[in-house]
Structure formats: C-alpha cells, structure tokens
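Have a look at the structure below, then the notes.
Reckoned from all heavy atoms, side chains included, excluding hydrogens, waters and symmetry mates.
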Amino acid sequence: MIDAADAEADAAAREEIGESDGPLLRALVVVVDDHEDSALIGPIVCELLEEGDFHVDATVTVSGDEVEIRNALNTAVIGGVDLVISVGGVGVRARDVTPEATEPLLDRRLQGIEEALRTSGLSAGAADGGLSRGVAGVSGQTVVVNLANSRAAVRDGMATVIPLSHFIIDQINSEF
C-alpha cells in the first residue's frame, strides 16, 4: 500500500524526469567499494538505469563487509524499490562476499539472469562479468542483481538486466 509520503515522492520524481504515464519504477545502486574505480562505476549504473526508465532513489557505497552489504540491500528491499543493483565484490578473492551477503535475502533465485550475465560477459570480453559469482533473485517485490565492477561488465550487464527486470517487475506486480 502506498502512503501519502510515497505518493508525493513518486509525483516529485515523475515531475523531475518529465514522466506522467504508468507506474514509476524505482531503483537503488549499492557500490561495494572493493576497487580503485568504484567511485566511477556508480554514475554509470545510474545513467544506464535512467535510460532504462528507472528513477534512481540513491547510490550507496559500502565497504566489502558482508554485514554492511546485506544491510544496504535489505534497506533497499524494505524501502520498496523495484530493482537494486549491487556492483562489486563478486570475484574469487577472500574479500569478495557480495553473493554471500545477498543470497540469504532472496526469496527466489533467478538463475537464468545469473547465467545470462555470465554468458554475455564472456561474449563481450568482460572476464570479470563472465566469471562472476554474482547472484540474482527476488526479495519481497524487489529484484536484486549483483554485477561485477568493471565498466565493461557493468555496461554489458545492464543491457541484459534492464529488459529482464522490466519483465520480472511486471510479473511481480500482476500478482497483486
């Protein structure tokens, strides 16, 4: 149920982006700061989300700590965003714990998205995207996706995620 504050925020966001038709899709970006270029990745993800008809509520940067990552993702889910994209922490190093932080929050895994991201990453020459341990799924009414943090993996991953997330969000919303 949408309360008055949510409706007001939705109307303000629509006015800001010049949209008045259809439900506004909201997203949040979580940048796991495990890479020198992490600060540069958030704006790229936001731009791609906005091009994909999402309003980005915020970009949150967290350390590579499993509890911090889980808290940021959980806050996004509780906040009612339609899509949360996390970037970083999906490799094989000991400090890469984003999948471990994400998986307990998911009600349903979307393994097809996980595999599509890896396949398209390898095809695009983004080794980190192709070898990612990132997970994807649904938590409540929110689609959650982990991406690798290189520019190539983000650009390729978002091209895969955006149309699929629109489809999944439509399915989630049609249940109610």
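Among residues at least two apart or in separate chains, ring pair (Phe, Tyr, Trp, His ring centres under 6.0 Å) pairs with a member in residues 117-167 are Phe54-His166.
Not a single side-chain hydrogen bond (donor to acceptor under 3.5 Å, both in side chains) links Asp82 to another residue, sequence neighbours left out. Looking at residues two or more places apart in sequence or on another chain, you find no side-chain hydrogen bond (donor to acceptor under 3.5 Å, both in side chains) involving Arg155.
In this structure, Arg109 CZ and Glu114 CD are separated by 4.0 Å, a value rounded to the nearest 0.5 Å. A distance of 5.5 Å separates CG in Leu131 from CG in Leu122, rounded to the nearest 0.5 Å. The CD1 atom of Ile172 sits 7.5 Å away from atom OG1 of Thr142, with the distance rounded to the nearest 0.5 Å. Distance check: Thr102 OG1 to Glu66 CD gives 9.0 Å after rounding to the nearest 0.5 Å.
Neither side chain, Ser139 nor Asp107, offers a donor N or O lying under 3.5 Å from an acceptor on the other. Judged purely by distance below 3.5 Å, without hydrogens or angles, the side chains of Thr98 and Asn146 never pair a donor atom with an acceptor atom. Of the N and O atoms on the side chains of Ser63 and Asp33, not one donor lies less than 3.5 Å from an acceptor on the other residue.
Ion pairing of Glu100 with Arg133 is present here, as a side-chain N (NZ or NE/NH1/NH2) and a carboxylate O approach within less than 4.0 Å.
Considering only heavy atoms from C-beta on, Leu40 comes within 4.5 Å of Arg151 through its side chain.
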